[in-house]
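The structure appears below as structure tokens.
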Amino acid sequence: MLDPKLLRQSAADVAANLARRGFDFDADAYLVLEERRKALQVETEQLQGERNASAKRIGKAKAQGEDIAPLLAAVKDLGERLDAGEKALQDVQAELRDIELGLPNLLADDVPTGTTEEDNTEVRRWGEPVDLGFAARDHIALGEGLGQLDFDAASKISGARFVVMKGPLARLQRALIQFMLDTHTGEHGYTEAYVPYLVKSQALIGTGQLPKFEEDQFKTTGESPFYLIPTAEVPVTNLAADVIFDADALPQRIVAHTPCFRSEAGSHGQDTRGMIRQHQFEKVELVQFVAPDASMAALEELTGHAETILRKLELPYRTVTLCSGDIGFGSTKTYDIEVWLPGQGRYREISSCSNYNDFQARRMKARRRNPGTGKPELIHTLNGSGVAAGRALIAVMENYQREDGGIRIPAVLQPYMGGLTAIEPV
RNA sequence: GGAGAGAUGGCUGAGUGGUCGAAAGCGCUCCCCUGCUAAGGGAGUAAGGGUUAAAAGCCCUUCGAGGGUUCGAAUCCCUCUCUCUCCGCCA
């Protein structure tokens, strides 16, 4: 959510910024509504003040044994006027809130303007795509060739966009997850967290998936349904909801491994084969709570933490700044890390690292005490994949494949694989 | 799943219809005093919002959440959520 004060005072500037995203914010309509809110609120609060004053008067009169009948008569119609005013005010405020919850975050100045991923700008590249010396297979051919990746079995059980893994390949994903968690906790100062995978709607409102992206979520039935988390960002970031951190409590860095559930509404036809885009996948997520002036530096740092994983795995990657048309709803600036996939002959997203500044914090009332004034102020939140485990598995398979269909195990993963150095074809 | 108890400010904890945003203690901040010295005294100390260019001031809201009764609700009524205790069941 954007600062309502900013919306009131600089609606046109906000509209101009959001226009870079291709988002149309009707500033004039908002301001009209805002004027109405102002009038109604002033009026309603005045009536409330009257009610409070007269109630006090009646109380005093009664205590002194005076006749309160005339006082009661004087406030006879106050209740009705107050009810009407409060109702009208509530309606306008709800309308304003609906608009505000639907507004994306303001873009940082250095976010490139563009419309599609073609317009993202590369900021750095690490490693060189390896020349395998033979025709690279994709992860599907490799996994099925090993008999350890089974899309048919998954489809029988759950349908499209699921996978069953078996044997060393299943273990390899687990190894990747353990390796990532250990690296982030051991070397990058993150605290590991285990969190719920089912959350209330309020949590998704806090991080920005709701109300706008309802159709992307899986949810349970019932009167107050649970939502399946689309990313650990949701439960982890909401740890800061309604919290006022002590002045010296930030930054906080939290890492969590969770499965992620996405309906992939609107992505029909995209990546239908293989396990690039699944309804269920594993991810290690990095989240940071930082002081308001520290978030841009933290974004660089967090992106570096994710990159470290790929470097240790010796997977070639490039890092891009998402352009205004490709960046996510709540982010002010996002780096995507794209890993080289020989089977596809191109770089594919394996991590997305975003600075939300106070956008999520305002929605979930995540604050800290300002060290100077002692007053509460909104913190900044960041998150990034560190990294997507399913896609990391694909990357390892395709980059470490041998001509015979076997897969070498990256050195850093071997301890997690019981010393295994390769997955051998049968 | 059954029975019971509870939810108040950073914490402990009073408060069963009015002068209560809320006693007292602890903690914290500032000031003063000081060889009864890991002491004493004083003042301050919730959050959000409106009005304002901003501040001050003034006002509004909030005692788990929502609804109701009332001129007036922390206090009465209803619904819900959560926590704790006991029983049952269970990874």
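First the proteins, then the strands, lettered A, B, ... as listed; each starts at 1.
The CG atom of A:Leu96 sits 14 Å away from the C1' atom of B:G50 (whole-angstrom rounding). A straight line from CD of A:Glu86 to C1' of B:C59 spans 15 Å, rounded to a whole angstrom. One interatomic measurement links the two molecules: CG of A:Asp246 to P of B:G27, which rounds to 17 Å at whole-angstrom precision. B:G48 atom C1' lies 18 Å from atom CE of A:Met364, rounded to whole Å. Distance CG (A:Leu89) to P (B:G49): 15 Å, rounded to an integer number of Å.
With both ends at atom P, the span from B:G48 to B:A56 equals 14 Å, rounded to whole Å. Taking the P atom of each, B:U83 and B:G25 are spaced 33 Å apart, rounded to whole Å. Using P as the reference atom, B:G64 and B:A14 are 15 Å apart when rounded to the nearest Å. Spacing between B:U34 and B:G41 at atom P, rounded to whole Å, works out to 15 Å. To the nearest whole angstrom, the two P atoms, one in B:A7 and one in B:C63, are 14 Å apart. Comparing B:C26 with B:G13, their P atoms are spaced 15 Å from each other, to the whole Å. As rounded to the nearest Å, B:G10 and B:A47 have C1' atoms that lie 12 Å from one another. Comparing B:G21 with B:A39, their C1' atoms are spaced 34 Å from each other, to the whole Å.
Base pairing analysis places B:A46 opposite B:U62; the two distances defining the Watson-Crick or G-U wobble pair are each below 3.5 Å. With a 3.5 Å ceiling on both atom-pair distances, B:G9 lacks any Watson-Crick or G-U wobble partner. Checking B:G17 for Watson-Crick or G-U wobble geometry (two distances, each under 3.5 Å) identifies no partner in any strand. When both pairing distances are held under 3.5 Å, B:U52 makes no Watson-Crick or G-U pair with any nucleotide shown. The partner of B:A91 is absent, by the rule that a Watson-Crick or G-U pair needs both atom distances under 3.5 Å. Judged by Watson-Crick or G-U wobble contacts below 3.5 Å, the nucleotide B:A22 has no partner. Base pairing of B:C84 is made with B:G4, judged by Watson-Crick or G-U wobble geometry with both donor-acceptor distances under 3.5 Å. Nucleotide B:G40 is matched to B:C32 when pairs are restricted to Watson-Crick or G-U wobble geometry with both distances under 3.5 angstrom.
Dashed line: the shortest gap from a side-chain N or O of A:Asn52 to OP1 or OP2 of B:U61 is under 4.0 Å. Between A:Arg81 and B:C71 there is no side-chain polar atom (N or O) within less than 4.0 angstrom of OP1 or OP2. For the OP1/OP2 pair of B:G48 and a distance below 4.0 Å, the side-chain nitrogens and oxygens of A:Arg367 include at least one atom meeting the criterion.
Summary of the strand contacts: A:Gly49 and A:Glu377 both lie near RNA chain B, and taking for each the nucleotide with the nearest heavy atom, the more 5' one is attributed to A:Glu377.
Under the 3.5 Å distance criterion, the side-chain polar atoms of A:Ser54 are left unmatched by any main-chain donor or acceptor of A:Val75. A:Arg262 contributes a side-chain N or O that, together with a main-chain N or O of A:Pro230, makes up a donor-acceptor pair within less than 3.5 Å.
Evaluation of the salt bridge (Lys or Arg N to Asp or Glu O under 4.0 Å) rule for A:Glu301 yields A:Arg253 as partners, not counting sequence neighbours.
Between the NE2 atom of A:His257 and the OH atom of A:Tyr194 there is a distance of 10.5 Å, given to the nearest 0.5 Å.
For RNA chain B, no neighbouring residue in residues 200-207 of chain A is found when judged by any heavy atom under 4.0 Å.
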Do A:Ile276 and A:Ile394 pass the side chain to side chain contact (heavy atoms under 4.5 Å, CB included) test, and can you show the C-alpha distance, the side-chain angles, and the key distance before you say yes or no? CA-CA 8 Å; A:Ile276 291 268; A:Ile394 295 173; 4.1 Å; yes

Tell me, with the steps shown, if A:Phe329 and A:Phe359 meet ring pair (Phe, Tyr, Trp, His ring centres under 6.0 Å). CA-CA 10 Å; A:Phe329 178 74; A:Phe359 185 84; 5.7 Å; yes

Give the intermediate values and the outcome of side chain to side chain contact (heavy atoms under 4.5 Å, CB included) for residues A:Tyr416 and A:Ile177. CA-CA 10 Å; A:Tyr416 296 94; A:Ile177 292 163; over 6 Å; no

For nucleotides 51-54 of chain B, list the nitrogen or oxygen atoms of the protein found under 3.5 Å from its nitrogen or oxygen atoms, one pair per line.
from  : atom 1 : to      : atom 2 : distance (Å)
B:U51 : OP1    : A:Arg37 : NH2    : 3.3
B:U52 : OP2    : A:Lys38 : NZ     : 3.3
B:A54 : OP1    : A:Gln9  : NE2    : 3.4

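Listed nucleotides B:C71, B:A47, B:G49 differ in distance to A:Glu45; the shortest reach to its side chain belongs to B:G49. Of the candidates B:G50, B:G72, B:G48, B:G72 carries the atom nearest the A:Arg51 side chain, counting heavy atoms from C-beta on. Minimum atom distance to the side chain of A:Pro376 is reached by B:G48, of the listed B:G48, B:U61, B:G18. Residue A:Ile58 has its side chain nearest to B:G18 when only B:A47, B:C59, B:G18 are considered.
Across all their heavy atoms, A:Pro168 and A:Gln148 have their closest contact at CD-OE1, 3.4 Å.
Under 3.5 Å, the side chain of A:Lys56 and the base of B:G18 form no donor-acceptor pair of N or O atoms.
Among the atoms of the strands shown, none is found under 4.0 Å from any heavy atom of A:Arg57.
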